[in-house]
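A short worksheet on the structure shown next.
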There are 2 protein chains.
Amino acid sequence: MRRMTARPANAHQARLLRLLRDDGPNSRAQLGDRVDLSRSKLAVEVERLLETGLVVADGLAASRGGRRSHNIRLAPALRFLGVDIGATSIDVAVTNAELEVLGHINQPMDVREGPVAVFEQVLSMAAKLKASGLAEGFDGAGIGVPGPVRFPEGVPVAPPIMPGWDGFPVREALSQDLGCPVMVDNDVNLMAMGEQHAGVARTVGDFLCVKIGTGIGCGIVVGGEVYRGTTGSAGDIGHIQAVPDGRPCACGNRGCLEAHFSGAALARDAEEAARQGLSQELAARLETAGSLSAVDVAAAAVAGDATALDLIREGGNRTGQVIAGLVSFFNPGLVVIGGGVTGLGHTLLAAIRTQVYRQSLPLATGNLPIVLGELGPTAGVIGAARLISDHLFSPA
Amino acid sequence: MRRMTARPANAHQARLLRLLRDDGPNSRAQLGDRVDLSRSKLAVEVERLLETGLVVADGLAASRGGRRSHNIRLAPALRFLGVDIGATSIDVAVTNAELEVLGHINQPMDVREGPVAVFEQVLSMAAKLKASGLAEGFDGAGIGVPGPVRFPEGVPVAPPIMPGWDGFPVREALSQDLGCPVMVDNDVNLMAMGEQHAGVARTVGDFLCVKIGTGIGCGIVVGGEVYRGTTGSAGDIGHIQAVPDGRPCACGNRGCLEAHFSGAALARDAEEAARQGLSQELAARLETAGSLSAVDVAAAAVAGDATALDLIREGGNRTGQVIAGLVSFFNPGLVVIGGGVTGLGHTLLAAIRTQVYRQSLPLATGNLPIVLGELGPTAGVIGAARLISDHLFSPA
DNA sequence: TCTACTTTCTCCACTCACAGGACAAAGAGA
DNA sequence: TCTCTTTGTCCTGTGAGTGGAGAAAGTAGA
């Protein structure tokens, strides 16, 4: 099957495509109410979109007291690929043009294996999704990588946890292999876009999205748009100093937030506590599994283990202190907490909230919700699909 | 004389007005090169602007090898009033339409006297500038106040250092008294706009402007636009925790940056050092003046006083640590340091730079200039004039 | 079943913004 | 005086877009 070749010819068409993506199928009349165009002009643009095949008119909607309207929807055969490359695993999903996830698979993988090995696996995962009949091909793909990206070119730059990726032309290479347009961004930014599109941040213009996984990062959304900074490293909060003269960090400094709290730090602390005999619960899990992860700590906490709860609380306090500073500075309308350690749940959230509400000024926190992400691991892949669809649904 | 009544009728006219403001007088041909309009269309819009009196054609420019061009410039009688209300003094300036400062006066005043007393003084200062023949009236005024502002309404909200100002309708009241349009903003944002318009930040899209005066604040510019946050308190970095369990702050917390370094904190520390006999230099000044200010510390530092230098260095270190965090988070293209303590000069700047370059990641700091503001006390008033001109030079 | 009223969609004529070229005005240089 | 350049003006063609008339297709009540 031939994939999407056309692009919207003007801003009106782009606007209509995004409207159909975000609000689903609609009649011409309803579209007209939203885009501030005369019905005649709108009809012309819809007609052109129908000609290109980007949208289809399928059937009539129920009458609302008059002539029944034609349902206009995005071409049902359109498929986007959303790829979220984490430090230790890969998520790949197919979506339709409305960014609904049709299929989603996750496989363990260490980014440090390098781009070649990683993309080999990504391609095989994409092939698996195709083979299952969810897609005959992809019209575009969004890729998230766990490090800073030179966004326009889609190339990782100086990624600390991704040796071997520096300067690798991700966008170009994948675009060739997949045979479709590709956009690349930081995984944290994609999580923010995902929560904005389909999660807790749907109605908020300015918000922060803190992702605590193997590392810690923060997606920044200003006026509905992801802010990436001058060199693409905005939101890199893992190396903000959280503890003066604290633990040594891989970056060469001491006391970085990431050194004191993150998936990796938590696992290490838990193992140490287990070895020191501070927690039978954790010790038992260490015995069984040979090593511990954030998931084990979460399970121990649910079981009521005091040491696990303490570790989570302390980490939450550290994180909360840093977030409190960011809240004072940025004055967001919402703070979303997500990433692998979301499993730590309410204990973590409570610690963060306590610190932020105590340390930031009332004017900034008065009406500030601090919540867990709603989408879990699908936030990243939905954000990835949204990234490429934003690109494709913009004037050529 | 009748003041400016007309406003640009469309986006083209607004664009042209801003171009004439920022780049000075220009011929039609040169304007045409910059605005991507055909010469015919441009001629029409210029003609309309001439009719409204917003711009004038005065004389012919020198030939560049062909027919001489008409000089198009903003109406020379246009006058903007820039007002910068600080914690302890007021700056008022008149500018022409190109935002060149024609007259500038400064008078001491304590904001805590309340809005009525303050604006009485502002009006008398404005009258003095008028009386000196610099203006026959004002076409617009920009006002900066040292606290958060609900921007669209021009009303201060919950200002910590301005009791009595909460909810006072600054914009409305001054607009009546001055008989011209008024816009109100945080003084820090205006400083950022000033440095952006005529200072060190002319070519930078994303930057931070840290103002260290009686308090500490930070102007945030994203894509050339001031970012104000959800409730208008963005950039309020004075109450970020700089020292765990540090000094008590007026806000009720401990260890706030502002409690450890700001004009007020520095003066207090210097007085204490003088009383403890740690510095003869400072003691002598305290003896003479009865109290110390940041200016005294600066003078002592210039004289080589070790205690004064230590105070500045330590304050710079604290500030630098906080800025380092903001740099990691925001990844700006430039950091401007300004405000009253700019007099502390290179010692302060060196301490801040050391901390930032040491603590932030190379990708964010690699190409990051950290510099002192170029405009000193005029940054605020120029920013204020720019605020109102941006408002007036936008489609009605 | 007929009539009155809605809603949706299409068609057409008119307006307006704008581009682009022809041309006039005004100067420089040979 | 002639040619070339630059600036500014005028005029016409084109395409975008509006707004209204009216056809198409429905509901609800008599």
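The figures that follow rest on heavy atoms only: side chains count, while hydrogens, waters and symmetry mates do not. Because the structure is predicted, anything quoted here is derived from the model rather than measured. Letters A, B, ... are given to chains in the order of the sequence lines, protein chains preceding strands, and every chain is numbered from 1.
Of the residues in residues 18-34 of chain A, none has a non-hydrogen atom less than 4.0 angstrom from any atom of DNA chain D.
Put simply, CD on B:E45 is 7 Å from P on C:dC18, counting in whole angstrom units. Rounded to an integer number of Å, the gap from NE2 of B:H70 to P of D:dT9 is 6 Å. Distance, B:E47 CD to D:dT9 P: 8 Å, rounded to whole Å. Per the geometry, CZ belonging to A:R48 stands 11 Å off C1' belonging to D:dG17, to the nearest Å.
A 4.5 Å side-chain heavy-atom check between A:L74 and A:L17 finds at least one atom pair inside the cut-off.
Listed by chain and residue number, A:R79, A:L129, A:L134, A:A135, A:F138 satisfy the side chain to side chain contact (heavy atoms under 4.5 Å, CB included) test with A:V94 (two or more places apart in sequence, or in another chain). B:R15 is linked by a salt bridge (Lys or Arg N to Asp or Glu O under 4.0 Å) to nothing, counting only residues two or more places apart in sequence or in another chain.
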Check residues 36-48 of chain A and write down every donor-acceptor pair under 3.5 Å in which the side-chain atom is one partner and the other belongs to a residue at least two apart or another chain.
unit_1: A:S38; atom_1: OG; unit_2: A:S40; atom_2: OG; d: 3.3
unit_1: A:S38; atom_1: OG; unit_2: A:K41; atom_2: N; d: 3.3
unit_1: A:K41; atom_1: NZ; unit_2: A:E45; atom_2: OE2; d: 2.8
unit_1: A:E45; atom_1: OE1; unit_2: A:N10; atom_2: ND2; d: 3.3
unit_1: A:E45; atom_1: OE1; unit_2: A:Q13; atom_2: NE2; d: 2.9
unit_1: A:E45; atom_1: OE2; unit_2: A:N10; atom_2: ND2; d: 3.2

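In the displayed structure, A:E172 atom CD is contacted under 6.0 Å by at most 12 heavy atoms of other residues, nucleotides or ligands.
Under a 3.5 Å cut-off, the side chain of A:R171 and the backbone N or O of A:V155 do not form any donor-acceptor pair.
Applying the side chain to side chain donor-acceptor pair (under 3.5 Å) test to pairs two or more places apart or on separate chains, those with a residue in residues 16-32 of chain B are B:R21-B:S389, B:R21-B:D390, B:D23-B:R34.
At D:dG17, one or more side-chain N or O atoms of A:H12 fall inside 4.0 Å of OP1 or OP2 (strictly under the cut-off).
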With sugar-phosphate taken as primed atoms, P, OP1 and OP2 and all else as base, the protein-contact string of nucleotides 20-28 of chain C at under 4.0 Å (heavy atoms; B, S, -) is B---BBBBS

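A perpendicular orientation is assigned to the rings of A:F393 and A:F80, their planes being inclined by more than 60° (bins at 30° and 60°).
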